[in-house]
Amino acid sequence: MTAAPRHVYVHVPFCARRCSYCDFSIAVRRDVPVHEFIDALRRELRIRLGHPHTPLDIDTLYFGGGTPSHLGPDGVTSMMVLMREYFRWTPDAEVTLEANPDDVTATATAAWWRAGITRVSLGAQSFDARVLDWMHRTHGPSQIDAAVELLRETPFTSWSFDLIFALPAALGRSWERDLDLALGKCPPHLSLYGLTVEPGTPLGRWADRGEVQPGDESAYEREFLSAHDGAAAAGFDHYEVSNFAQPGHHAQHNRSYWRGVPYLGFGASAHGFDGATRRWNRAAYAAWQKAVVGGEDPIGGSEPIGDGEQLLESVYLGLRTTGGLAVGPEELEQVRPWVAAGWAQIDDGRVILTPLGWLRLDSLAAALTPVRGSP
Ligand code: SF4
């Protein structure tokens, strides 16, 4: 029997504008249909969990997107009131809201905190006005500064910066400067992502037309490693490929994904996993909303996770964190050259990748999986 999910994700799809690199399932709206969204979310919860409903005990709740902060202070409050009808959590549970700096106002942070948000993930991306403009972000550097002040003044348990590295060289972005500015604000947590060129995005079209030359692999490696060194010197634990935390600020919700435990997902495009089968909702906001208004489960598809996939996933997930992967004698032989190359270390029967190893995560996970799967 699989364990009951103790982690819940809610996808809030609204954004003021599509960022140049973004291929997420979003709905661009200047005026967010807050009531329509909350009503649709209520319907999905009712359809899938039943009503009346004894609240399920959970450990983490994560509002991602899209831009959940774009719901406004009252919208976030209404969403939290709704979630409490279906879920129960203790005051030390992690309740994260993704926010864009231009949505972080004194009114908003006070309302979020009163509503029970404990952690804010701030989509800063860069402190360079030209770069933010190129990314089609709706905020400037001064709004990041103002947002950080407000996050510090509000008694949230934690907050985090998102930054993007490996930008096209022609932009002349100084990654060292951005990193220094971010570290100088002493965030409890950092998430750093390398830019990828996705088809169908403005960036994808610029690249297809030859107007943009994506950043090369050596720049990616250099910036990733300099982030590791800089953050480590500032006291951060680089505990997962993309994530860095000060002591006590490791993100709990994402850990559930890395550990492969069950979780529930609500909202357009949201994924869920019950321990054996993965499901996902219809991706487009309009299709998701129409389904739930019609009384249907808005499922877009599902797939059972077979033994082979489960194996690859467990290797991949194990290798991406400093928790590492427990290995047997045969795997140890496979891993020894990685240790010699500086890609991994072995600690108490576990293989733990180094930052150099994380740069090769996909190929190392693929190399280890057949060894692990052999009789
Ligand atoms: S704010 Fe986030 S979700 Fe919205 S368009 Fe930009 S990157 Fe995508």
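For ligands, and for the atoms within them, numbers begin at 1 and follow the listed sequence.
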Check each atom of ligand 1 against the heavy atoms of [X] and keep those under 4.0 Å away; list them by number with element.
X: Phe24; answer: 3 (S)
X: Asn100; answer: 1 (S)
X: Ile26; answer: 3 (S), 5 (S)
X: Thr67; answer: 1 (S), 4 (Fe)

Report yes or no: does [X] have a heavy atom closer than 4.0 Å to ligand 1?
X: Arg17; value: yes
X: Gly123; value: no
X: Arg137; value: yes

Nearest protein heavy-atom contact for [atom]: which residue, which atom, what distance?
atom: atom 5 (S) of ligand 1; answer: Cys19 N, 3.3 Å
atom: atom 4 (Fe) of ligand 1; answer: Cys15 SG, 2.3 Å
atom: atom 3 (S) of ligand 1; answer: Gly66 N, 3.2 Å

Establish, yes or no, whether a centroid distance under 6.0 Å links the rings of Tyr239 and Phe244. no
With under 30° as parallel and over 60° as perpendicular, where do the rings of Phe224 and Phe165 fit, or are they tilted in between? tilted
Look at the side chain of Asn100 and the backbone N and O of Asp103, then say whether any donor-acceptor pair between them is shorter than 3.5 Å.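 No, because the side chain of Asn100 does not come within donor-acceptor range (under 3.5 Å) of the backbone of Asp103.
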Is there a donor-acceptor pair under 3.5 Å between the side chain of Thr67 and the backbone N or O of His70? no
Do any N/O/S atoms of Cys22 come under 2.8 Å of atom 4 (Fe) of ligand 1?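 No, since none of the N, O or S atoms of Cys22 sits under 2.8 Å from atom 4 (Fe) of ligand 1.
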Is any side-chain N of the basic residue among Asp39 and Arg43 closer than 4.0 Å to the acidic one's carboxylate O? yes
Strictly below 4.0 Å, N to O, side chains only: are Arg279 and Asp297 in salt-bridge contact? yes
Rounded to the nearest 0.5 Å, what's the gap from OH on Tyr9 to NE2 on His271? Could you check? 9.5 Å
Atom of Val104, atom of Ala147 and distance for their closest heavy-atom approach: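 For Val104 versus Ala147, the nearest heavy atoms are CB-CB, 3.7 Å.
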